[in-house]
Amino acid sequence: MSQVEKISLFSVLQGFLCLVLCFFLITSCSKRSSESEKDDLDNGLPVTNLSGKELSYIHCQSCHIYTEPSLIDKVTWEKNVLIKMGHFMGIYIDTLRDDLIEGGKAGELIRAAGVFPEEPSISLQDWQKIVDYYVSEAPETLPEQERPERKISPLKGFKVKVPDFRTDPPMTTYIKMDTEKKVVYVGDAKGDISSLTLLDPSFNILNTVYMPTPPSGVHRIGDSLCITMMGRVWPTDNPSGQLIKAFRPPNDDRYRHFVRLVDELQRPVHSAFGDLTDNGLDDVLVCEYGNYTGSLSWYENKGDRYQKHVLLKQPGAIKAYITDMDGDGKNDIIALMAQGDEALWIFYNLGSGKFRPDRVLRFSPSYGSVYFELVDFNKDGHPDILYCNGDNGDYYPVLKDYHGIRIFENDGKNQFEEVFFFPMDGVYKASAVDFDKDGDLDIFAIAFYPDFMVHPRESILYLENTGKYNYTVRGLEKEIPGRWITFDIGDLDGDGDMDILLGSYTGFTTFVDTTGTMDEKLRAGNSLLYLENTLK
């Protein structure tokens with residue numbers, strides 16, 4: 001072979017090898033590029049063949065009962081709820097994970113609880129299927145509440161009075177009428193100078209106790225007061241809540257001395273007192289509502305200190321009672337949980353500080369569970385449940401046709417069945433009392449998120465019992481400005497019938513009102529409203 005032929009053959013082989021090498025590099029790069037694109041798209045997690053609906057049943061029931069698309073309107077799903085759901089599954093398309101977490105001790109608690117995962121639990125493609133499913137199936141708007149032949153008759157049998165006592169703006173967090181001591185307790189939230197004001201039955205100021213955070217409960221023991229301070233009113237995981245005891249010096253009507261009983265509570269919104277260990281000492285049951293974290297806990301009275309026992313390690317504890325639910329002579333616990341996994345629980349007292357949990361009712365997280373009472377409606381000796389769902393503060397308020405008052409009858413074995421529903425936009429509290437002394441239970445209710453633009457009078461309603469869960473609906477003849485958040489019932493004037501005292505909170509107000517005039521109107525309103533019972 002000549003030298004020329006050798007060079008020619010070498011050139012061909014060299015070219016061929018170059019082609020092979022280039023092909024290998026191109027396919028290799030293409031493969032890596034494809035894998036990189038898949039990683040970017042799916043966060044490295046496998047994509048399933050399941051539909052959005054199927055995926056929603058798997059992932060959306062991991063924390064709470066399944067929520068049908070029809071329970072929330074399309075815009076709220078897309079712009080609020082689904083974004084928040086994504087955060088709980090490690091999907092941070094719109095924000096950074098750290099931006100969702102409070103600073104300080106609150107942030108430590110959120111991170112320790114794993115509320116916002118560092119890594120996603122679902123691929124982006126599968127997550128998008130869930131989003132598309134809810135957005136496509138959700139209604140444009142929710143249906144209006146069914147009000148068959150609802151007519152609001154004038155409120156009779158009550159004299160409407162507006163007490164002179166007022167804070168500016170009204171930010172009432174708590175009201176209680178102590179009819180034995182003839183004292184009214186009014187809690188107010190004003191940043192770092194919150195207060196508990198004591199009024200006489202004519203609403204003259206007896207004493208104002210200033211405190212660092214708003215009061216959410218008062219329990220009197222003799223002449224001393226156990227005061228629950230919630231920390232911040234706004235949603236927070238900061239453990240700045242406390243339970244304190246206030247004392248009065250001898251021959252002094254003012255509370256000047258304080259002892260801290262329990263601290264580092266996460267936004268405690270309610271406390272109940274009772275003996276859970278049969279040792280003659282009152283223990284304390286605390287609803288630490290929190291925000292992303294919290295708990296329902298009881299504090300065992302050790303005489304010189306309180307020892308914490310957690311019943312449920314989750315946020316949303318909002319109302320609880322210490323009472324014997326099964327007739328065995330021991331005090332049990334019944335509590336309402338909101339904020340996600342909304343449910344009613346009974347904790348049966350097994351003795352020796354042990355409790356058996358039983359979830360007796362469960363609600364969708366869109367319900368807005370906010371309050372309940374134990375009431376024997378059918379007079380069979382077993383406590384039934386009067387329940388309210390009307391909270392609307394997690395996102396821009398949306399009127400929901402399933403907001404309202406419900407009655408669940410007890411079958412005698414603490415199994416409950418819904419027997420009555422009264423639609424009421426944004427209802428926040430309802431109590432059953434025989435106001436007119438005719439032998440049956442009437443219902444008084446308030447709404448913190450009513451339809452102010454169309455049904456403003458429905459922020460205060462009185463349901464007069466006419467038998468077999470039938471009621472005549474009554475309301476104030478004219479609207480009195482206020483955003484009613486709480487009330488208490490008691491015989492304040494000592495005439496033998498039950499009066500009603502309401503409190504208004506206008507610290508933050510958001511309504512379906514783009515003009516802002518409603519906010520101004522309510523802030524200029526009154527702190528208290530007194531309905532003096534004149535039914536004889």
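Residues: numbered from 1 along the sequence shown. The figures here come from the full heavy-atom set of this structure, side chains too, leaving out hydrogens, waters and symmetry mates.
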Chi angles and distances behind the ring-ring contact (aromatic ring centres under 6.0 Å, His included) call for F377, F420: CA-CA 11 Å; F377 280 96; F420 173 76; 8.3 Å; no
Verdict with reasoning, I446 to V427, per side-chain contact (heavy atoms from CB on, under 4.5 Å): CA-CA 6 Å; I446 57 173; V427 63; over 6 Å; no
Test side chain to side chain donor-acceptor pair (under 3.5 Å) applied to Y462 and T472, step by step: CA-CA 8 Å; Y462 172 72; T472 298; over 6 Å; no
Worked verdict on D99 versus R97 for salt bridge (charged side-chain N to carboxylate O under 4.0 Å, His left out): CA-CA 5 Å; D99 291 342; R97 175 177 176 268; over 6 Å; no
K437 and D434: CA distance, side-chain angles, deciding distance, salt bridge (charged side-chain N to carboxylate O under 4.0 Å, His left out) verdict: CA-CA 5 Å; K437 295 185 177 182; D434 184 6; over 6 Å; no
Stepwise side chain to side chain donor-acceptor pair (under 3.5 Å) check, D491 with T179: CA-CA 6 Å; D491 185 9; T179 55; over 6 Å; no
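Using modelled atom types, one side-chain atom of H403 and one backbone atom of Y367 make a donor-acceptor pair closer than 3.5 Å. With hydrogens and angles ignored, the 3.5 Å screen pairs no side-chain donor or acceptor of D324 with any backbone N or O of N331. D438 contributes a side-chain N or O that, together with a main-chain N or O of D440, makes up a donor-acceptor pair within less than 3.5 Å. In this structure, E78 contributes its side chain and V75 its backbone to no donor-acceptor pair below 3.5 Å. Distance alone, capped at 3.5 Å, is enough to place a donor-acceptor pair between the T534 side chain and the G157 backbone. Looking only at distances, no side-chain donor or acceptor of K400 sits under 3.5 Å from a matching main-chain atom of I72. A donor-acceptor pair under 3.5 Å is formed between the side chain of N389 and the backbone N or O of Y402. Of the possible polar contacts, one joining the T172 side chain to the S504 backbone as a donor-acceptor pair under 3.5 Å is found. A donor-acceptor pair under 3.5 Å links the side-chain atoms of D499 to the main chain of N533, judged by distance alone. Remark: side-chain polar atoms of N526 are not paired, donor with acceptor, to backbone N or O of V162 under 3.5 angstrom.
Relative to the ring axis of Y449, R483 places its NZ or CZ within 45° and under 6.0 Å from the centre.
For the side chain to side chain donor-acceptor pair (under 3.5 Å) test with Y289, the passing option among Q339, H270, R267 is Q339; the others fail. For the ring-ring contact (aromatic ring centres under 6.0 Å, His included) with Y530, the lone residue among F487, F165, F203, F158 that qualifies is F203. Paired with F448 under the rule ring-ring contact (aromatic ring centres under 6.0 Å, His included), one option of Y371, Y428, W484 passes, and it is Y428.
The shortest non-hydrogen separation linking L243 to L265 is N-CD1, 4.0 Å. Between D493 and E532, the shortest heavy-atom contact is OD2-OE2, 3.2 Å. The two residues P170 and G525 have their closest heavy-atom pair at CG-O, 3.5 Å. V160 and I480 make their closest contact through CG1-CD1, 3.5 Å (heavy atoms, listed as atom of the first residue, atom of the second, distance). What you find for S216 and P268 is that their closest heavy atoms are OG-O, 2.8 Å. In terms of heavy-atom proximity, Q266 sits nearest to D237 at NE2-O, 3.0 Å.
Looking only at atom types and distance, the side chain of E373 has a donor-acceptor partner in the side chain of S431 under 3.5 Å away. For the residue pair D488 and Y185, no side-chain donor N or O sits within less than 3.5 Å of a side-chain acceptor on the partner. In summary, the side chains of E102 and T236 do present a donor paired with an acceptor at a separation below 3.5 Å, with no hydrogens or angles considered. Remark: the N410 side chain and the Q415 side chain contain no N/O donor-acceptor pair separated by less than 3.5 Å.
Ion pairing between R362 and E342 fails under the 4.0 Å rule for side-chain N and carboxylate O. Classification of K190 and D188 as a salt-bridged pair holds, one side-chain N sitting under 4.0 Å from a carboxylate O.
Atom CG of L529 and atom CG of L476 lie 6.5 Å apart (nearest 0.5 Å). Put simply, CG on D126 and CG on L55 are 4.5 Å apart, with the number rounded to the nearest 0.5 Å. Separating the CE atom in M89 from the SG atom in C63 is a distance of 9.0 Å, to the nearest 0.5 Å. Atoms NE2 and OH, from H87 and Y292 in turn, are 8.5 Å apart once rounded to the nearest 0.5 Å. With rounding to the nearest 0.5 Å, the separation of CZ in R356 from CG in N349 is 11.0 Å. With values rounded to the nearest 0.5 angstrom, S70 atom OG is found 9.5 Å from E137 atom CD.
No more than 12 heavy atoms of other residues, nucleotides or ligands shown are found within 6.0 angstrom of CD on E144. For CD of E417, the number of neighbouring non-hydrogen atoms (other residues, nucleotides, ligands) closer than 6.0 Å is 12 at most. Within a 6.0 Å sphere centred on NZ of K159, heavy atoms belonging to other residues, nucleotides or ligands number 12 at most. For NZ of K84, the number of neighbouring non-hydrogen atoms (other residues, nucleotides, ligands) closer than 6.0 Å is greater than 12. When the shell of 6.0 Å around CG of D376 is examined, it contains more than 12 heavy atoms from other residues, nucleotides or ligands.
With ring centers used as reference points, F355 lies under 6.0 Å from W298. Checked against the 6.0 Å centroid criterion, the rings of F116 and F88 qualify as a close aromatic pair.
At a threshold of 4.5 Å between non-hydrogen side-chain atoms, the residues L461 and V473 count as touching. D341 places a side-chain heavy atom less than 4.5 Å from the side chain of R359. When side chains are defined from C-beta on, V262 does not count as touching V286, because their heavy atoms never get closer than 4.5 Å. The side-chain heavy atoms of R523 and D168, taken from C-beta on, include no pair separated by under 4.5 Å. Side chains of N470 and N465 form no contact here, defined as non-hydrogen atoms less than 4.5 Å apart. Side-chain contact between Y134 and C60: present, with at least one pair of heavy atoms (C-beta onward) separated by less than 4.5 Å. Within the 4.5 Å cutoff, side-chain heavy atoms of I333 are placed close to those of L276. Contact of the V218 side chain with the L196 side chain is registered, since non-hydrogen atoms from C-beta on lie closer than 4.5 Å.
Take F273 and apply the ring pair (Phe, Tyr, Trp, His ring centres under 6.0 Å) test, not counting sequence neighbours, and it matches H219.
Using the six-membered ring where Trp is involved, Y321 and F372 have ring planes that are perpendicular, over 60° apart on the 30 and 60° scheme. Between F408 and Y387, the ring planes are perpendicular. Angles over 60° get that label, and only those under 30° would be called parallel.
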